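Chain A is the first sequence line, chain B the second, and so forth, proteins listed ahead of strands; every chain is numbered from 1. Since the structure is predicted, the reported quantities are computational estimates derived from the model, not experimental observations.
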Amino acid sequence: MRLTRFFLPVLRDTPKEAEIVSHQLMLRAGMIRQSAAGIYSWLPLGLKVLTKIGNIVREEQNRAGAIEVLMPTIQSADLWRESGRYEAYGREMLRIVDRHERDVLFGPTAEEVITAIVRDSIKSYKDLPKNLYNIQWKFRDEIRPRFGVMRGREFLMKDAYSFDLTPDDARKTYQRMFAAYLRTFARMGLKSIPMKADTGPIGGDLSHEFIILAETGESQVFCHKDLINGAVPTVDTDFDGDLSGIFQAWTSQYAATEDMHDAAKFESDVPADKRVSARGIEVGHIFYFGTKYSEPMGARVQGPDGKMVTLEMGSYGVGVSRLAGAIIEASHDANGIVWPVPVAPFEVGLINLKSGDKDTDAACDGLYGRLQNAGIDVLYDDTDDRAGGKFATMDLIGLPYQLIVGPKGVKAGEAEVKDRKSGARETMPLAAALERVIKSVLNQRVLA
RNA sequence: CGGAGCGUAGCGCAGCCUGGUAGCGCACUUGCUUCGGGAGCAAGGGGUCGGAGGUUCGAAUCCUCUCGCUCCGACCA
């Protein structure tokens with residue numbers, strides 16, 4: 001993408017409504033613009049990140065055997081009356097009346113919708129198990145939205161819903177999602193820690209929150225230090241096989257959010273020098289809740305013995321839009337965002353130091369074409385702005401690698417390669433610079 | 001919803017106390033000089049001062065109401 005054709009409204013000053021660094025940087029880097037309290041437009045740069053995050057989530061869900069669907073944002077109140085949640089959910093649910101005076105709502109979650117679909121479509125145990133997910137906008141009318149996209153009212157969520165014949169099968173599904181989540185967050189460069197969690201209004205008795213440690217996190221969390229660098233399931237993990245080992249490894253050490261924290265157990269189970277008490281950002285939350293919805297909504301299949309069996313369910317959420325903020329909280333410096341390659345809006349920034357100079361333009365255009373041919377997602381700064389501003393912008397928007405080309409370099413047949421994270425800069429022949437950048441990007445595209 | 005604060009140009013702010021018809025920095029436009037890590041000079045464009053009502057000869061400024069946004073607390077991907 002040529003910067004002269006892109007839409008990248010960057011801000012030099014920090015808008016005063018933004019309190020935390022991820023919100024400030026998302027506004028400054030031209031990723032988002034606020035539309036109302038907790039409601040944002042995603043500008044091109046932000047949308048690219050959101051899409052990449054969503055795709056990683058999607059790949060790992062697919063790998064773990066979940067199947068993608070797309071459910072509506074607007075749901076019928078009648079479905080929620082069936083489950084009993086229409087009254088129970090409270091004012092966080094945005095309720096709307098349509099022109100025919102029917103009660104509808106903007107979905108805060110989709111247990112009812114998916115349960116109705118599965119109930120009407122699946123009649124035999126032979127069709128189980130099923131795990132269906134979608135990545136869709138949700139609306140929760142939070143009392144107090146804050147922290148930019150980290151606690152918006154409208155947000156993009158991946159929500160998966162599993163249906164199994166037996167509690168034992170359901171627990172295996174839970175473990176599958178558990179492992180998939182570890183991979184999902186690791187691929188975005190995040191160190192997530194699954195922690196025992198409260199089940200809240202979703203209900204159920206088995207639940208984990210996936211937490212990213214960060215000073216600006218909303219919740220207080222407690223865990224064993226070794227969990228911070230726990231082993232992430234590798235790419236060759238057999239998701240059809242037994243994943244209880246992974247589950248055991250991660251859940252045998254103490255890890256709990258404030259709601260579930262047991263101070264006495266924390267002190268008896270974890271040696272003093274291994275006790276971590278910190279703030280955390282919740283990026284995922286998984287639940288096993290049995291028949292909480294299938295029972296009232298009549299989601300049953302016929303078992304092998306001909307008897308009707310009520311489905312065992314679980315649900316599994318990932319805050320896709322929140323992750324954009326969480327990744328920035330975890331990865332930034334004084335100059336701006338530092339994107340991990342897999343979620344970077346562009347993998348490489350190509351800087352033409354003197355746009356309009358024939359030789360420099362020719363060299364840059366050539367590099368641009370070759371980067372594109374190599375499948376690299378590149379932002380080509382072909383504006384005639386001054387060099388300093390270009391560097392500052394590239395640093396602000398956090399592109400992992402910068403390829404810097406100016407008249408002097410072109411004359412010498414050289415270009416500079418800059419690593420955003422380390423700040424290291426190296427001048428080398430054009431071909432070598434190109435190769436270096438491409439190789440670096442390809443090496444980091446898949447982090448787990 | 002309780003407490004605190006803020007709405008003046010795209011962003012950051014001053015002006016308000018003590019009423020006299022709107023200003024600064026950045027950004028933007030034009031020209032010249034610059035050009036290798038947020039350039040300099042000059043000339044410009046852009047504002048129903050969140051909205052409504054009131055007081056006054058006159059309101060960004062004073063009064064009343066209202067809307068929006070942010071922060072702290074109770075709720076949550």
Side-chain angles (χ1 to χ4, degrees), chain A residues 9-20 23-24 27-28 30 33-39 53 57 89-93 107-110 135-160 181 185 197-202 207-212 218-219 257-259 281-287 315-326 335-336 351-357 360 383-396 402 404-412 414-416 418 423 425 427:
Chain A
V10 296
L11 264 27
R12 201 157 174 172
D13 298 310
T14 302
K16 68 175 170 200
E17 75 260 23
E19 199 71 13
I20 63 169
H23 190 195
Q24 295 174 347
L27 289 167
R28 287 192 53 209
R33 285 293 182 267
Q34 187 172 63
S35 174
I39 301 177
I53 293 171
V57 171
Y89 210 90
R91 303 195 58 198
E92 222 174 77
M93 180 152 72
T109 176
I135 298 174
Q136 176 64 291
W137 292 93
K138 303 293 188 296
F139 194 95
R140 293 184 191 171
D141 202 355
E142 297 284 343
I143 296 169
R144 184 151 90 85
R146 66 187 118 172
F147 302 150
V149 300
M150 301 263 278
R151 176 155 300 284
R153 291 193 292 168
E154 189 178 77
F155 58 97
L156 190 61
M157 179 167 93
K158 185 284 297 183
D159 41 324
Y181 274 32
F185 302 125
D198 194 15
T199 54
I202 308 260
S207 176
H208 286 88
E209 284 183 17
F210 286 73
I211 299 285
I212 307 299
E218 283 193 90
S219 39
T257 59
E258 198 166 20
D259 296 337
I281 301 167
E282 178 187 359
V283 290
H285 199 160
I286 61 178
F287 304 84
S315 78
Y316 317 89
V318 170
V320 175
S321 47
R322 172 181 288 184
L323 273 164
N335 295 322
I351 296 180
N352 183 333
L353 285 178
K354 187 153 181 155
S355 189
D357 177 84
T360 311
T383 66
D384 56 6
D385 295 346
R386 290 176 61 88
K390 295 189 176 198
F391 293 122
T393 299
M394 285 293 177
D395 283 354
L396 173 63
Q402 294 169 23
I404 298 150
V405 184
K408 285 181 200 165
V410 169
K411 203 158 283 177
E414 291 177 334
E416 187 178 286
K418 176 176 168 182
R425 283 145 48 179
T427 300

Mind checking the CG-OG1 spacing from Asn352(A) to Thr360(A)? Nearest 0.5 Å is all I need.
6.0 Å

I want to confirm an ordering. Mapping Arg322(A) and Pro145(A) to their closest nucleotides on RNA chain B, which one lands closer to the 5' end?
Pro145(A)

Could you tell me the separation between the CD1 atom of Ile39(A) and the CH2 atom of Trp137(A), rounded to the nearest 0.5 Å?
11.0 Å

Can you tell me how far the OH atom of Tyr89(A) sits from the CG atom of Asp141(A), to the nearest 0.5 Å?
11.0 Å

Looking at Lys411(A) and Asp357(A), does any basic side-chain N land under 4.0 Å from a carboxylate oxygen?
no

Remember a base hit wins even if backbone is also touched, and classify Gly406(A) as base, sugar-phosphate or nothing at under 4.0 Å, heavy atoms.
base

Locate the shortest heavy-atom distance separating Arg28(A) from Asp13(A); write the atom from each residue and the value.
CG-O, 4.0 Å

Looking at every strand, decide which applies to Ala36(A) at a 4.0 Å heavy-atom threshold: base, sugar-phosphate, or nothing.
sugar-phosphate

If you measure from the P atom in C6(B) to the same atom in U64(B), how many Å do you get, rounded?
16 Å

Any donor-acceptor N/O pair under 3.5 Å between G12(B) base and Arg12(A) side chain:
no

Counting any heavy atom closer than 4.0 Å, what does Gly30(A) reach on the DNA or RNA strands: base, sugar-phosphate only, or nothing?
nothing

Considering only atom C1', compute the distance from C26(B) to G45(B) and round it to an integer number of Å.
16 Å

With a 3.5 angstrom cut-off on both distances, give the Watson-Crick or G-U wobble partner of U61(B), or none if there isn't one.
none

Once you round it to whole Å, what is the distance between P of A39(B) and CG of Asp384(A)?
14 Å

Classify Gly90(A) by what it touches in the nucleic acid, base, sugar-phosphate, or nothing, heavy-atom distance under 4.0 Å.
nothing

Paired with U55(B) by Watson-Crick or G-U wobble geometry, both distances under 3.5 Å: which nucleotide is it?
none

OP1 or OP2 of A39(B) less than 4.0 angstrom from a side-chain nitrogen or oxygen of Arg386(A), does that happen here?
yes

Hey, does Val320(A) reach any base, or is it just sugar-phosphate, or nothing, if we go heavy atoms under 4.0 Å?
nothing

Considering only the C1' atoms, how many Å lie between A39(B) and A52(B), rounded to the nearest integer?
47 Å

Rounded distance (Å) that lies between atom P of C1(B) and atom CD1 of Ile143(A):
11 Å

Grab the N/O contacts between the protein and nucleotides 5-10 of chain B below 3.5 Å, and write none if there aren't any.
residue: C6(B); atom: O2'; partner: Lys16(A); partner atom: NZ; Å: 3.0

How many whole angstroms separate atom CD of Glu17(A) from atom P of C13(B)?
10 Å

I'd like to know if the side chain of Lys138(A) and the backbone of Lys158(A) have a donor-acceptor N/O pair within less than 3.5 Å.
no

With C1' as the reference atom in both, quote the distance from C13(B) to G54(B) in angstrom, rounded to an integer.
30 Å

With rounding to the closest Å, how many angstrom separate the C1' atoms on C49(B) and C24(B)?
15 Å

Using whole Å, report how far CD1 of Ile20(A) lies from P of C71(B).
9 Å

Same-atom distance (P) from C62(B) to G10(B), integer angstrom
24 Å

Given that both distances must come in under 3.5 Å, which nucleotide forms a Watson-Crick or G-U wobble pair with C1(B)?
G73(B)

Rounded distance (Å) that lies between atom C1' of A77(B) and atom CD of Glu142(A)
9 Å

Measuring from atom CZ of Arg146(A) to atom NE2 of His23(A), what distance do you get when rounded to the nearest 0.5 angstrom?
13.5 Å

Could you check which of C26(B), G37(B), G12(B) has an atom nearest any side-chain atom of Pro15(A)?
G12(B)

Provide the Watson-Crick or G-U wobble partner of U34(B), both distances under 3.5 Å; none if there is no partner.
none

Less than 3.5 Å between a donor and an acceptor, one on the side chain of Arg146(A) and one on the base of G73(B), is that the case here?
no

Just to be sure I understand the rule, does Ser219(A) reach a base, reach only the sugar-phosphate, or reach nothing, if contact means heavy atoms closer than 4.0 Å?
nothing

Taking the six-membered ring for Trp, does Phe155(A) stack with A77(B) (centroid gap under 5.5 Å, planes within less than 30°)?
yes

Would you kindly give the NE2-to-C1' distance between His23(A) and C69(B), to the nearest whole Å?
11 Å

So what does Pro407(A) hit on the nucleic acid, given a heavy-atom distance under 4.0 Å: a base, only sugar-phosphate, or nothing?
base

Given that Asp259(A) and Lys418(A) both sit by RNA chain B, which one's nearest nucleotide is further toward the 5' end?
Lys418(A)

Decide yes or no for Phe139(A) and Glu154(A): does some side-chain heavy atom of the first lie under 4.5 Å from some side-chain heavy atom of the second?
yes

G-U wobble or Watson-Crick pairing nucleotide for U18(B) (cut-off 3.5 Å, both distances):
none

Ignoring backbone atoms, test whether Arg144(A) places a side-chain nitrogen or oxygen under 4.0 Å from the OP1 or OP2 oxygen of C72(B).
yes

Measure NZ/Lys354(A) against C1'/U34(B) and give the value in whole Å, please.
9 Å

What nucleic acid atoms does Phe147(A) come within less than 4.0 Å of, heavy atoms only: base, sugar-phosphate, or nothing?
sugar-phosphate

Main-chain N/O of Met93(A) paired to Arg140(A) side chain as donor or acceptor, under 3.5 Å
no

Could you state the atom-to-atom distance from CD of Glu19(A) to C1' of G12(B) in whole Å?
15 Å

Under 4.0 Å between a side-chain N or O of Gln34(A) and OP1 or OP2 of U70(B)?
yes

Using atom P in both nucleotides, what's the gap between U66(B) and G3(B) to the nearest angstrom?
15 Å

On the 0 to 90° scale, with breaks at 30° and 60°, tag the Phe287(A)-His285(A) ring pair as parallel, tilted or perpendicular.
parallel

For nucleotides G31(B) and G50(B), find the distance between their C1' atoms and express it as a whole number of Å.
38 Å

